[in-house]
Number of protein chains: 2
Amino acid sequence: MTGNRQPTIKTVAARAGVGRTTVSRVINGSDLVSADARARVLAAIKELNYVPNSVARGLVTSRTDAVALVIPESESRLGAEPFFAALIRGVSGALAETRTQLQLTLVRDQFERDQLAASVATRRVDGVLLVSVHTHDRLPGMLEEMGLPTVLAGRRDAGEQLSYVDSDNSGGAAAAVRYLLARGRRRIATITGSLDMDVGRSRLAGWRDAHREAGARADGALAETGDFTEEGGVRAMRSLLERAPDLDAVFAASDLMAVGALAELRRQGRRVPDDVAVVGFEDSVLARHTAPPLTTVRQPVEEVGRTMARILLDITQNGADRRQVTLPTELVVRESS
Amino acid sequence: MTGNRQPTIKTVAARAGVGRTTVSRVINGSDLVSADARARVLAAIKELNYVPNSVARGLVTSRTDAVALVIPESESRLGAEPFFAALIRGVSGALAETRTQLQLTLVRDQFERDQLAASVATRRVDGVLLVSVHTHDRLPGMLEEMGLPTVLAGRRDAGEQLSYVDSDNSGGAAAAVRYLLARGRRRIATITGSLDMDVGRSRLAGWRDAHREAGARADGALAETGDFTEEGGVRAMRSLLERAPDLDAVFAASDLMAVGALAELRRQGRRVPDDVAVVGFEDSVLARHTAPPLTTVRQPVEEVGRTMARILLDITQNGADRRQVTLPTELVVRESS
DNA sequence: ACGGACTGTGGGAGCGCTCCCAGGGGGCTG
DNA sequence: CAGCCCCCTGGGAGCGCTCCCACAGTCCGT
């Protein structure tokens, strides 16, 4: 059906009347080729419609020009799509500049996650981008041990040694709380993210920091653990209202949880922002579509993706060292506060 | 840093005291291996922590066990994320069953799209999944011509020859309109999708069909072309209200456009559903979060992705023929109608 | 005038794997 | 007991490419 098989470097060499090596040099942009030879090779390539076989190249160079992006499937659902879409856009954009391919791996469960290390060892990718790492995750360490450069989205803890790109979680949270305090709110509750992730702990820390700065006390009864889901936001809001009916603001560690909180507040007849101000974290599309529109801490998700990819490429292509980057966040004020 | 290099099939063979071929047979599950030899090989593999190099294998088998999913970047934005997230989940799930890798390619513009054919010719993937094909798209044809199996999400037109998986667009649209008619609506407008895509035309056709069935006339003035975006929905709704202020229902060919329509209706003081009923298409997360929650035609996006992957694998692995599949849709009634 | 450096070139080897084929044993048949 | 088949086995070849190295030619400087 395909007629003749694909031309190889040998075919091109024969056609151009040169050796394989010269063709290879032209393809790889070496300047140790005479203008004449180069022209003949380029002509032959064009005539034959030749495209180098990247698998063969990969075998000898032991580089694949592909990186893996690993995403836990459970977290690609539940309204977290915009986050991953933006991240992918950032990663993909940076990779496109260097013709690096993106291999997307959705991991369903812990078993698959363990398998992953092995599968990645089949040398299909030059490096790995890892999202949603939990504090006691073994995978990042395993990957680095196998000699596979790894960049995390978010660190495992404050002492993270591997490369990572993170948003300024504590700073962003503190900014949100400072703003609420400045607007006269005095009983500012928080719905935290999962506390087995640094992002959860850091945003909680920001809530505390801002209180401390202002000489106020962060009342422990005003902090309720959520899990980054909408349903978690509902539950946490309900507990908070029981425990501290006098609260006048809630800082939720994610937009999704803020949406849950809004729903529960409405159900209990609290007006937003009149009775209770609500602030989220992320500034996803969601935030613009809630009623009322959500004040939130914007994190530069696409930029996080782009930076992760750039760091990884810098390591795989230029042998750069590990790098840790924290990107600034920004408070976006809407009508919920 | 990595210490010793990765073990190869030769290392394993030596360790197990067998030949390379025997190791290869064990790995590939051939049954022409004695129980004894198999056991020794498996032990050696475990001890050495050996993982076959899939690049080397790919070179000789000329299979890569990877498929590409190509998504236009412009359409991965703007609230269309849930669609792609679901599609990717479906694809990824089906691929995981056969250990096939997913290469995600976001295409920014027409130039990149043209380049794609070449890049794909570097033989990094065994097949291609294509999303959002326009009617006069040349890419699908080019890919098939290169001998690369291709499966489309949605057909280019009613006479599509390539493999595709589609939702029942005209049927779903017709069901929506029938429902509106049954509820006593008489002036049912429609906001169409892009008409250079079959999905846009088919949903429009469904709107017409349902009218014809009912012996009603589909008034041309009640159809306005949108482009699947929220902003497009706003504009179309505005034109419709000018042209046909007496309309009492709108069928939008996407949830996103329905969201735009809702906003414009609210702005103009029309009550939904009292004055105007609104129905969308897709049943994305959006639909549950609008005010009022959106009646919509659910399309099984994840199932579309899964089916696409299965068809492609069936072609690349079993040499199956092209296949066209249309999956049923379902009307989900909420409060906007 | 001659050695040396430097440019351009191409063949050999080998990346790690699979597949072809030749071959050695054991069990069965006649 | 010879002959045959069938099961299992392993070495050679080669997938398409890059890299090492050897080599021819040119241009210097002394």
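We name chains A, B, ... by the order of the sequence lines, and we start the count at 1 in each one.
Atom C1' of nucleotide D/dA13 and atom CD1 of B/I9 are separated by 15 Å, given to the nearest angstrom.
Of all heavy-atom pairs between A/R322 and A/I315, the closest is CA-CD1, 4.4 Å.
Other residues, nucleotides and ligands place no more than 12 heavy atoms under 6.0 Å from the CG atom of B/D321. Dense packing is recorded around CZ of B/R108, with more than 12 heavy atoms of other residues, nucleotides or ligands lying under 6.0 Å away.
At a threshold of 4.5 Å between non-hydrogen side-chain atoms, the residues B/L148 and B/V125 count as touching.
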Tabulated below should be each protein N or O lying under 3.5 Å from an N or O of nucleotides 19-21 of chain C; please produce it.
unit_1 : atom_1 : unit_2 : atom_2 : d
C/dC19 : N4     : B/T21  : OG1    : 3.4

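By the salt bridge (charged side-chain N to carboxylate O under 4.0 Å, His left out) test, B/D36 is found to be paired with B/R40, residues two or more places apart in sequence or in another chain being considered. Applying the side chain to side chain contact (heavy atoms under 4.5 Å, CB included) rule to A/R156 yields the partners A/V133, A/P140, A/L152, A/E160, A/L162; only residues at least two apart in sequence or on another chain are considered. The salt bridge (charged side-chain N to carboxylate O under 4.0 Å, His left out) test applied to B/D314 returns B/R323, not counting sequence neighbours. Applying the side chain to side chain contact (heavy atoms under 4.5 Å, CB included) test to A/L312 and every residue at least two apart in sequence or in another chain returns A/V67, A/L129, A/P149, A/V151, A/T316. Looking at residues two or more places apart in sequence or on another chain, you find no salt bridge (charged side-chain N to carboxylate O under 4.0 Å, His left out) involving A/R57. In this structure B/S30 satisfies the side chain to side chain contact (heavy atoms under 4.5 Å, CB included) test together with B/R25, B/L32, sequence neighbours excluded. Among residues two or more places apart in sequence or in another chain, the side chain to side chain contact (heavy atoms under 4.5 Å, CB included) test is passed with B/R306 by B/A94, B/E302, B/E303, B/R310. In this structure A/T21 satisfies the side chain to side chain donor-acceptor pair (under 3.5 Å) test with no other residue, sequence neighbours excluded.
Only A/V33, A/S34, A/A37, listed by number, bring a heavy atom of residues 33-44 of chain A to less than 4.0 angstrom from any atom of DNA chain C.
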Quiz item: What string of B, S and - do you get for nucleotides 22-27 of chain C, 5' to 3', when a contact is any protein heavy atom under 4.0 Å?
Solution: ------
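At the heavy-atom level, B/V55 lies nowhere under 4.0 Å from the strands shown.
Summary of helix geometry: the two end axes of the helix from C/dA1-D/dT30 to C/dG30-D/dC1, each defined by five base pairs via their C1' atoms, are inclined to each other by 50° (rounded to 10°).
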